[in-house]
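One structure is given here, and the rest of the page talks about it.
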2 protein chains.
Amino acid sequence: MIFSKSFGYALQGVLYVALLSDGRDRIQLDEIARILMVPRYFLGKIMNRLGKEGILISVKGHNGGFGISETTFKTPLLTLAELTGDMVQLDSCVLKSRTCNNLNPCPLHHKIEPLREEWKKLLAGTTIGDLVKGRNPDFIRSISAI
Amino acid sequence: MIFSKSFGYALQGVLYVALLSDGRDRIQLDEIARILMVPRYFLGKIMNRLGKEGILISVKGHNGGFGISETTFKTPLLTLAELTGDMVQLDSCVLKSRTCNNLNPCPLHHKIEPLREEWKKLLAGTTIGDLVKGRNPDFIRSISAI
DNA sequence: AGCTCAAAAGACCTTCATGTCCTTTATGGG
DNA sequence: CCCATAAAGGACATGAAGGTCTTTTGAGCT
Ligand code: FES
Ligand code: FES
(Lines give C-alpha, C1' and ligand atoms only; values in the text may rest on other atoms or scores of the structure.)
(Ligands and ions follow the chains in the order given, each with its own letter.)
Protein backbone atom coordinates (compact mmCIF):
# COMPACT_ATOMS: atom_id res chain seq x y z
CA MET A 1 0.00 0.00 0.00
CA ILE A 2 1.56 3.25 -1.10
CA PHE A 3 -0.35 5.29 1.44
CA SER A 4 -2.35 4.17 4.44
CA LYS A 5 -6.05 4.80 4.78
CA SER A 6 -5.24 7.07 7.69
CA PHE A 7 -3.23 9.29 5.40
CA GLY A 8 -5.96 9.37 2.77
CA TYR A 9 -8.64 10.21 5.31
CA ALA A 10 -6.47 12.86 6.95
CA LEU A 11 -5.93 14.52 3.60
CA GLN A 12 -9.59 14.38 2.72
CA GLY A 13 -10.54 15.83 6.09
CA VAL A 14 -8.09 18.72 5.90
CA LEU A 15 -9.06 19.52 2.33
CA TYR A 16 -12.72 19.54 3.22
CA VAL A 17 -12.21 21.97 6.07
CA ALA A 18 -9.78 24.08 4.07
CA LEU A 19 -12.25 24.40 1.22
CA LEU A 20 -15.38 25.17 3.18
CA SER A 21 -14.28 27.00 6.32
CA ASP A 22 -14.31 30.27 4.45
CA GLY A 23 -17.50 32.05 5.35
CA ARG A 24 -18.48 29.53 7.99
CA ASP A 25 -17.60 29.27 11.64
CA ARG A 26 -16.80 25.63 12.33
CA ILE A 27 -17.35 22.39 10.49
CA GLN A 28 -18.53 19.33 12.37
CA LEU A 29 -17.09 15.86 12.12
CA ASP A 30 -20.56 14.52 11.40
CA GLU A 31 -20.82 16.54 8.21
CA ILE A 32 -17.28 15.78 7.05
CA ALA A 33 -17.64 12.04 7.52
CA ARG A 34 -21.06 11.99 5.89
CA ILE A 35 -20.09 13.96 2.81
CA LEU A 36 -16.76 12.24 2.31
CA MET A 37 -18.25 8.82 3.16
CA VAL A 38 -15.45 8.09 5.55
CA PRO A 39 -15.90 6.14 8.82
CA ARG A 40 -16.91 8.77 11.32
CA TYR A 41 -15.17 7.75 14.53
CA PHE A 42 -12.03 6.70 12.77
CA LEU A 43 -11.86 10.06 11.05
CA GLY A 44 -12.50 11.62 14.44
CA LYS A 45 -9.31 10.18 15.85
CA ILE A 46 -7.34 11.40 12.88
CA MET A 47 -8.83 14.89 13.02
CA ASN A 48 -8.02 14.91 16.71
CA ARG A 49 -4.33 14.48 15.94
CA LEU A 50 -4.47 17.14 13.25
CA GLY A 51 -5.85 19.47 15.88
CA LYS A 52 -3.15 18.58 18.38
CA GLU A 53 -0.49 19.31 15.77
CA GLY A 54 -2.04 22.66 15.01
CA ILE A 55 -2.79 21.73 11.42
CA LEU A 56 -6.42 22.45 12.16
CA ILE A 57 -8.30 24.27 14.87
CA SER A 58 -10.65 22.06 16.84
CA VAL A 59 -13.20 23.39 19.29
CA LYS A 60 -15.37 21.37 21.63
CA GLY A 61 -18.93 22.02 22.63
CA HIS A 62 -21.61 24.36 21.37
CA ASN A 63 -20.78 25.78 17.94
CA GLY A 64 -17.68 23.66 18.04
CA GLY A 65 -16.06 21.76 15.22
CA PHE A 66 -13.02 22.09 13.03
CA GLY A 67 -11.56 25.07 11.22
CA ILE A 68 -8.40 26.27 9.58
CA SER A 69 -5.46 27.56 11.58
CA GLU A 70 -2.63 29.86 10.50
CA THR A 71 -0.61 26.84 9.46
CA THR A 72 -3.28 24.83 7.65
CA PHE A 73 -2.49 26.08 4.17
CA LYS A 74 1.24 26.02 4.74
CA THR A 75 1.22 22.37 5.82
CA PRO A 76 3.04 20.09 3.38
CA LEU A 77 1.67 16.64 2.70
CA LEU A 78 4.87 15.30 4.21
CA THR A 79 3.64 16.40 7.62
CA LEU A 80 0.47 14.38 7.21
CA ALA A 81 2.44 11.36 6.01
CA GLU A 82 4.74 11.58 9.01
CA LEU A 83 1.75 11.87 11.29
CA THR A 84 0.27 8.65 9.93
CA GLY A 85 3.55 6.76 9.94
CA ASP A 86 3.71 6.46 6.19
CA MET A 87 7.22 7.85 5.91
CA VAL A 88 8.93 5.11 7.89
CA GLN A 89 7.36 2.63 5.50
CA LEU A 90 8.73 4.51 2.52
CA ASP A 91 12.22 4.29 3.95
CA SER A 92 12.15 0.60 4.78
CA CYS A 93 14.10 -1.83 2.62
CA VAL A 94 12.19 -3.73 -0.05
CA LEU A 95 13.71 -6.94 1.27
CA LYS A 96 11.75 -6.80 4.44
CA SER A 97 14.12 -8.75 6.63
CA ARG A 98 16.77 -6.08 6.11
CA THR A 99 17.38 -2.57 7.35
CA CYS A 100 17.83 -0.13 4.47
CA ASN A 101 21.43 0.91 4.41
CA ASN A 102 23.51 2.86 1.91
CA LEU A 103 26.72 1.12 2.91
CA ASN A 104 25.42 -2.40 2.61
CA PRO A 105 22.70 -1.94 0.01
CA CYS A 106 20.37 -4.62 -1.26
CA PRO A 107 20.31 -5.26 -5.02
CA LEU A 108 17.39 -2.87 -5.47
CA HIS A 109 18.57 -0.10 -3.20
CA HIS A 110 20.24 2.10 -5.79
CA LYS A 111 17.32 1.75 -8.18
CA ILE A 112 14.76 2.61 -5.54
CA GLU A 113 16.49 5.46 -3.77
CA PRO A 114 15.85 8.00 -6.58
CA LEU A 115 12.17 7.10 -6.63
CA ARG A 116 11.96 7.63 -2.91
CA GLU A 117 13.54 11.04 -3.31
CA GLU A 118 10.93 11.98 -5.86
CA TRP A 119 8.13 10.95 -3.54
CA LYS A 120 9.62 12.98 -0.75
CA LYS A 121 10.09 15.96 -3.01
CA LEU A 122 6.45 15.72 -4.04
CA LEU A 123 5.22 15.40 -0.47
CA ALA A 124 7.48 18.08 0.92
CA GLY A 125 6.82 20.45 -1.96
CA THR A 126 3.04 20.23 -2.00
CA THR A 127 1.02 22.02 0.65
CA ILE A 128 -2.65 21.93 1.49
CA GLY A 129 -2.77 25.46 0.14
CA ASP A 130 -1.40 24.30 -3.20
CA LEU A 131 -4.17 21.76 -3.54
CA VAL A 132 -6.92 24.15 -2.56
CA LYS A 133 -5.73 27.33 -4.28
CA GLY A 134 -8.30 28.77 -6.66
CA ARG A 135 -10.78 25.96 -6.12
CA ASN A 136 -14.41 26.61 -5.40
CA PRO A 137 -16.51 24.52 -3.01
CA ASP A 138 -17.68 22.41 -5.94
CA PHE A 139 -14.19 20.97 -5.78
CA ILE A 140 -15.49 18.83 -2.93
CA ARG A 141 -16.72 16.49 -5.62
CA SER A 142 -13.16 15.56 -6.46
CA ILE A 143 -12.23 14.61 -2.92
CA SER A 144 -15.31 12.65 -1.92
CA ALA A 145 -16.11 9.06 -2.73
CA ILE A 146 -17.12 8.04 -6.22
CA MET B 1 3.97 0.28 2.98
CA ILE B 2 5.52 0.56 -0.46
CA PHE B 3 5.91 -3.18 -0.85
CA SER B 4 4.38 -5.99 1.16
CA LYS B 5 6.44 -8.46 3.13
CA SER B 6 5.24 -11.14 0.74
CA PHE B 7 6.87 -9.30 -2.13
CA GLY B 8 10.12 -8.83 -0.26
CA TYR B 9 10.27 -12.47 0.78
CA ALA B 10 9.39 -13.63 -2.73
CA LEU B 11 12.21 -11.58 -4.16
CA GLN B 12 14.68 -12.81 -1.58
CA GLY B 13 13.66 -16.40 -2.21
CA VAL B 14 13.99 -16.18 -5.98
CA LEU B 15 17.31 -14.39 -5.75
CA TYR B 16 18.66 -17.00 -3.38
CA VAL B 17 17.72 -19.84 -5.68
CA ALA B 18 18.89 -17.96 -8.77
CA LEU B 19 22.28 -17.30 -7.22
CA LEU B 20 23.00 -20.74 -5.82
CA SER B 21 21.25 -23.22 -8.07
CA ASP B 22 24.20 -23.23 -10.41
CA GLY B 23 26.22 -26.33 -9.65
CA ARG B 24 23.64 -27.75 -7.29
CA ASP B 25 20.58 -29.84 -7.86
CA ARG B 26 17.82 -28.44 -5.70
CA ILE B 27 17.65 -26.01 -2.83
CA GLN B 28 15.43 -26.73 0.13
CA LEU B 29 13.04 -24.35 1.80
CA ASP B 30 14.70 -25.10 5.12
CA GLU B 31 18.01 -23.73 3.96
CA ILE B 32 16.53 -20.67 2.25
CA ALA B 33 14.47 -19.64 5.26
CA ARG B 34 17.36 -20.23 7.65
CA ILE B 35 19.95 -18.26 5.70
CA LEU B 36 17.63 -15.41 4.80
CA MET B 37 16.09 -15.40 8.28
CA VAL B 38 12.62 -15.38 6.87
CA PRO B 39 9.64 -17.20 8.45
CA ARG B 40 9.85 -20.69 7.02
CA TYR B 41 6.24 -21.69 6.49
CA PHE B 42 5.22 -18.30 5.30
CA LEU B 43 8.02 -18.34 2.75
CA GLY B 44 6.87 -21.83 1.82
CA LYS B 45 3.49 -20.56 0.74
CA ILE B 46 5.08 -17.85 -1.35
CA MET B 47 7.58 -20.21 -3.00
CA ASN B 48 4.68 -22.49 -3.74
CA ARG B 49 3.03 -19.79 -5.81
CA LEU B 50 6.29 -19.02 -7.57
CA GLY B 51 6.45 -22.67 -8.54
CA LYS B 52 2.86 -22.68 -9.79
CA GLU B 53 3.60 -19.66 -11.96
CA GLY B 54 6.68 -21.34 -13.41
CA ILE B 55 8.99 -18.69 -12.03
CA LEU B 56 10.80 -21.46 -10.21
CA ILE B 57 10.90 -25.24 -10.46
CA SER B 58 9.68 -27.00 -7.36
CA VAL B 59 10.06 -30.73 -6.81
CA LYS B 60 8.59 -32.77 -3.99
CA GLY B 61 10.15 -35.67 -2.21
CA HIS B 62 13.61 -37.15 -2.18
CA ASN B 63 16.21 -34.75 -3.60
CA GLY B 64 13.39 -32.29 -4.01
CA GLY B 65 13.45 -28.56 -3.46
CA PHE B 66 13.50 -25.46 -5.60
CA GLY B 67 15.50 -24.61 -8.69
CA ILE B 68 15.55 -22.21 -11.60
CA SER B 69 13.32 -22.67 -14.64
CA GLU B 70 13.72 -21.34 -18.17
CA THR B 71 11.81 -18.23 -17.19
CA THR B 72 13.41 -17.48 -13.84
CA PHE B 73 15.97 -15.02 -15.11
CA LYS B 74 13.59 -13.43 -17.56
CA THR B 75 10.99 -12.72 -14.89
CA PRO B 76 10.48 -9.00 -14.26
CA LEU B 77 9.88 -7.79 -10.73
CA LEU B 78 6.48 -6.65 -11.94
CA THR B 79 5.41 -10.27 -12.12
CA LEU B 80 6.32 -10.80 -8.48
CA ALA B 81 4.53 -7.61 -7.47
CA GLU B 82 1.41 -8.70 -9.31
CA LEU B 83 1.59 -12.08 -7.65
CA THR B 84 1.64 -10.54 -4.22
CA GLY B 85 -1.09 -8.02 -4.94
CA ASP B 86 1.19 -5.03 -4.66
CA MET B 87 0.23 -3.57 -8.02
CA VAL B 88 -3.43 -3.04 -7.19
CA GLN B 89 -2.29 -1.05 -4.18
CA LEU B 90 -0.04 1.10 -6.34
CA ASP B 91 -2.96 1.93 -8.59
CA SER B 92 -5.42 2.78 -5.84
CA CYS B 93 -6.30 6.41 -5.23
CA VAL B 94 -4.51 8.21 -2.41
CA LEU B 95 -7.87 9.33 -1.11
CA LYS B 96 -8.88 5.89 -0.05
CA SER B 97 -12.62 6.31 -0.30
CA ARG B 98 -12.29 6.96 -4.04
CA THR B 99 -11.57 4.89 -7.11
CA CYS B 100 -8.62 6.23 -9.07
CA ASN B 101 -9.96 7.72 -12.25
CA ASN B 102 -8.37 9.85 -14.95
CA LEU B 103 -11.66 11.47 -15.87
CA ASN B 104 -12.62 12.52 -12.37
CA PRO B 105 -9.19 12.87 -10.75
CA CYS B 106 -8.53 13.72 -7.14
CA PRO B 107 -6.33 16.76 -6.43
CA LEU B 108 -3.21 14.58 -6.22
CA HIS B 109 -3.90 12.35 -9.19
CA HIS B 110 -1.91 14.25 -11.81
CA LYS B 111 1.04 14.65 -9.47
CA ILE B 112 1.11 10.98 -8.53
CA GLU B 113 0.50 9.41 -11.89
CA PRO B 114 4.05 10.12 -13.20
CA LEU B 115 5.56 8.59 -10.08
CA ARG B 116 3.48 5.50 -10.56
CA GLU B 117 4.68 5.24 -14.11
CA GLU B 118 8.27 5.38 -12.94
CA TRP B 119 7.68 2.60 -10.44
CA LYS B 120 6.07 0.48 -13.09
CA LYS B 121 8.89 1.18 -15.51
CA LEU B 122 11.39 0.11 -12.87
CA LEU B 123 9.49 -3.04 -11.98
CA ALA B 124 8.76 -4.00 -15.57
CA GLY B 125 12.26 -3.21 -16.75
CA THR B 126 14.17 -5.08 -14.06
CA THR B 127 14.39 -8.85 -14.20
CA ILE B 128 15.71 -11.37 -11.75
CA GLY B 129 18.52 -11.93 -14.26
CA ASP B 130 19.44 -8.25 -14.11
CA LEU B 131 19.82 -8.41 -10.35
CA VAL B 132 21.86 -11.58 -10.37
CA LYS B 133 24.03 -11.02 -13.44
CA GLY B 134 27.74 -11.24 -12.70
CA ARG B 135 27.24 -11.74 -8.98
CA ASN B 136 29.00 -14.47 -7.09
CA PRO B 137 27.42 -16.46 -4.27
CA ASP B 138 28.90 -14.04 -1.76
CA PHE B 139 26.22 -11.70 -3.01
CA ILE B 140 23.87 -13.59 -0.69
CA ARG B 141 25.13 -11.28 2.01
CA SER B 142 23.34 -8.38 0.39
CA ILE B 143 19.98 -10.10 0.29
CA SER B 144 19.92 -11.65 3.75
CA ALA B 145 19.03 -9.98 6.99
CA ILE B 146 21.35 -7.46 8.60
C1' DA C 1 6.01 -52.38 -2.53
C1' DG C 2 7.61 -49.81 1.28
C1' DC C 3 10.40 -46.13 3.21
C1' DT C 4 12.02 -41.47 3.48
C1' DC C 5 12.35 -37.00 2.19
C1' DA C 6 10.51 -32.40 0.99
C1' DA C 7 6.89 -29.60 -0.81
C1' DA C 8 1.65 -28.77 -0.82
C1' DA C 9 -2.47 -28.15 1.57
C1' DG C 10 -5.19 -26.57 4.96
C1' DA C 11 -6.35 -25.46 9.82
C1' DC C 12 -5.29 -22.33 13.08
C1' DC C 13 -3.05 -18.36 15.66
C1' DT C 14 -1.08 -13.48 16.10
C1' DT C 15 -0.59 -8.80 15.12
C1' DC C 16 -1.82 -4.52 13.62
C1' DA C 17 -4.53 -1.22 11.02
C1' DT C 18 -8.96 -0.08 10.77
C1' DG C 19 -13.54 0.68 12.52
C1' DT C 20 -17.38 1.15 16.23
C1' DC C 21 -19.37 2.45 20.49
C1' DC C 22 -19.88 4.58 24.94
C1' DT C 23 -18.44 7.78 28.38
C1' DT C 24 -16.11 12.06 29.58
C1' DT C 25 -14.76 16.79 28.94
C1' DA C 26 -15.04 21.38 27.32
C1' DT C 27 -17.67 25.24 25.32
C1' DG C 28 -21.34 28.48 24.50
C1' DG C 29 -26.20 29.81 25.05
C1' DG C 30 -30.16 30.43 27.85
C1' DC D 1 -26.02 27.56 36.93
C1' DC D 2 -27.79 24.28 33.83
C1' DC D 3 -28.38 22.38 29.47
C1' DA D 4 -27.36 21.14 24.82
C1' DT D 5 -23.67 20.28 21.78
C1' DA D 6 -19.51 18.45 19.77
C1' DA D 7 -14.90 16.81 20.29
C1' DA D 8 -11.74 13.74 23.21
C1' DG D 9 -10.79 9.51 25.35
C1' DG D 10 -10.75 4.96 25.99
C1' DA D 11 -12.75 0.22 25.56
C1' DC D 12 -13.82 -3.03 22.37
C1' DA D 13 -14.75 -5.36 17.53
C1' DT D 14 -13.36 -6.59 12.86
C1' DG D 15 -10.49 -7.81 8.89
C1' DA D 16 -6.57 -8.55 6.44
C1' DA D 17 -1.74 -9.64 6.39
C1' DG D 18 1.53 -12.24 8.41
C1' DG D 19 3.03 -16.43 10.72
C1' DT D 20 2.91 -21.42 12.73
C1' DC D 21 1.76 -26.17 12.92
C1' DT D 22 0.02 -30.69 11.37
C1' DT D 23 -1.42 -33.68 7.83
C1' DT D 24 -1.34 -35.03 3.01
C1' DT D 25 0.76 -35.72 -1.42
C1' DG D 26 4.25 -36.87 -4.60
C1' DA D 27 8.90 -38.23 -5.87
C1' DG D 28 12.98 -41.03 -5.55
C1' DC D 29 15.57 -44.66 -3.28
C1' DT D 30 16.16 -49.58 -1.84
S1 FES E 1 16.21 -0.59 -0.19
FE2 FES E 1 17.22 -2.43 0.38
S3 FES E 1 19.00 -1.67 1.38
FE4 FES E 1 17.98 0.18 0.84
S1 FES F 1 -4.91 9.05 -7.41
FE2 FES F 1 -6.78 9.95 -6.77
S3 FES F 1 -7.99 9.78 -8.59
FE4 FES F 1 -6.11 8.87 -9.23
Side-chain angles (χ1 to χ4, degrees), chain A residues 1-10 12-13 17 21 24-34 36-67 69 81 83-86 88-89 92 95-97 145, chain B residues 1-10 12-13 17 21 24-34 36-67 69 81 83-86 88-89 92 95-97 145:
Chain A
M1 206 176 291
I2 291 288
F3 290 108
S4 64
K5 291 198 177 184
S6 294
F7 175 80
Y9 295 164
Q12 289 186 88
V17 174
S21 70
R24 308 169 52 179
D25 231 27
R26 299 267 173 264
I27 301 177
Q28 278 80 46
L29 183 60
D30 249 344
E31 171 184 334
I32 306 173
R34 185 167 35 79
L36 299 182
M37 299 218 273
V38 156
R40 191 209 135 122
Y41 293 100
F42 190 50
L43 179 62
K45 291 192 192 304
I46 297 169
M47 300 293 280
N48 179 13
R49 309 209 27 223
L50 297 176
K52 277 207 176 66
E53 300 288 330
I55 296 167
L56 288 177
I57 296 287
S58 114
V59 182
K60 282 186 179 181
H62 209 100
N63 285 340
F66 296 91
S69 70
L83 217 69
T84 54
D86 287 38
V88 315
Q89 298 296 348
S92 74
L95 307 186
K96 291 301 177 179
S97 76
Chain B
M1 205 178 291
I2 289 288
F3 290 108
S4 63
K5 291 199 177 186
S6 294
F7 175 81
Y9 295 163
Q12 289 186 88
V17 174
S21 70
R24 307 170 55 179
D25 231 29
R26 299 267 173 263
I27 301 177
Q28 278 81 45
L29 183 59
D30 250 343
E31 171 184 334
I32 306 173
R34 185 167 35 80
L36 299 182
M37 298 216 276
V38 156
R40 190 207 136 122
Y41 293 102
F42 189 50
L43 179 62
K45 291 188 194 304
I46 296 169
M47 300 292 281
N48 177 13
R49 307 207 29 223
L50 297 176
K52 278 208 174 66
E53 300 288 331
I55 296 167
L56 289 176
I57 296 287
S58 115
V59 182
K60 282 188 182 180
H62 209 100
N63 285 340
F66 296 91
S69 70
L83 217 69
T84 54
D86 287 39
V88 315
Q89 297 297 348
S92 75
L95 306 186
K96 292 299 178 179
S97 76

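No experiment lies behind these values; they were computed from the predicted model shown. Note on naming: letters A, B, ... go to the chains in the order of the sequence lines (proteins, then strands), and numbering restarts at 1 for each one.
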- [ ] Measure the distance from CG on B:Leu43 to P on C:dA8 and round it to the nearest whole Å.
- [x] 11 Å
Open item on the list: If I take atom CZ from residue A:Phe7 and atom CD1 from residue A:Ile46, how far apart are they, to the nearest 0.5 angstrom?
Closed with: 11.0 Å
Open item on the list: For a quick test of reading the model: is some side-chain N or O of A:Ser58 closer than 4.0 Å to OP1 or OP2 of D:dA6?
Closed with: no
Task: Separation of D:dA6 P from A:Asp25 CG (nearest whole Å) - done: 12 Å
- [ ] Just jot down the salt bridge (Lys or Arg N to Asp or Glu O under 4.0 Å) partners of A:Glu53, sequence neighbours excluded, or say none.
- [x] none
- [ ] Using a 4.0 Å heavy-atom cut-off across all strands, classify A:Tyr9 as base, sugar-phosphate, or nothing.
- [x] sugar-phosphate
Task: B/S/- contact track for nucleotides 21-30 of chain D, protein heavy atom under 4.0 Å - done: BB--BBBSS-
Open item on the list: Does any part of the side chain of B:Asp30, heavy atoms only, come nearer than 4.5 Å to the side chain of B:Arg40, both counted from C-beta?
Closed with: yes
TODO: Specify the separation, in whole Å, of atom CG of B:Asn48 and atom C1' of C:dA6.
DONE: 13 Å
Open item on the list: So does B:Gly54 get a backbone contact from the side chain of B:Ser69, meaning a donor-acceptor N/O pair under 3.5 Å?
Closed with: yes
Open item on the list: Do B:Ser92 and A:Phe3 make a side-chain contact, defined as non-hydrogen atoms from C-beta onward lying under 4.5 Å apart?
Closed with: no
Open item on the list: Side chain of B:Phe42 only, heavy atoms from C-beta on: which candidate in C:dT20, D:dA7, D:dT20 is closest?
Closed with: D:dT20
Task: Nearest-angstrom distance from the residue atom CZ of A:Arg26 to C1' of D:dA6 - done: 12 Å
- [ ] Check whether any side-chain heavy atom of B:Leu50 lies under 4.5 Å from a side-chain heavy atom of B:Met47, and answer yes or no.
- [x] yes
Task: Nearest-angstrom distance from the residue atom CD of A:Gln89 to P of C:dC16 - done: 12 Å
Open item on the list: Tell me the interatomic distance from B:Ile46, atom CD1, to C:dA7, atom P, rounded to whole angstroms.
Closed with: 15 Å
- [ ] Starting at atom CZ of B:Arg40, determine the distance to atom P of D:dG18, rounded to an integer number of angstrom.
- [x] 20 Å
TODO: In whole angstrom, give the distance that lies between atom CZ of A:Phe3 and atom P of C:dA17.
DONE: 17 Å
Open item on the list: Counting only side-chain nitrogens and oxygens, does B:Lys52 get under 4.0 Å of the OP1 or OP2 atom of C:dA9?
Closed with: yes
TODO: Just jot down the side chain to side chain donor-acceptor pair (under 3.5 Å) partners of A:Arg26, sequence neighbours excluded, or say none.
DONE: none
- [ ] Please check the phosphate of D:dA17 (OP1 and OP2 only) for any side-chain N or O of B:Ser6 closer than 4.0 Å.
- [x] no
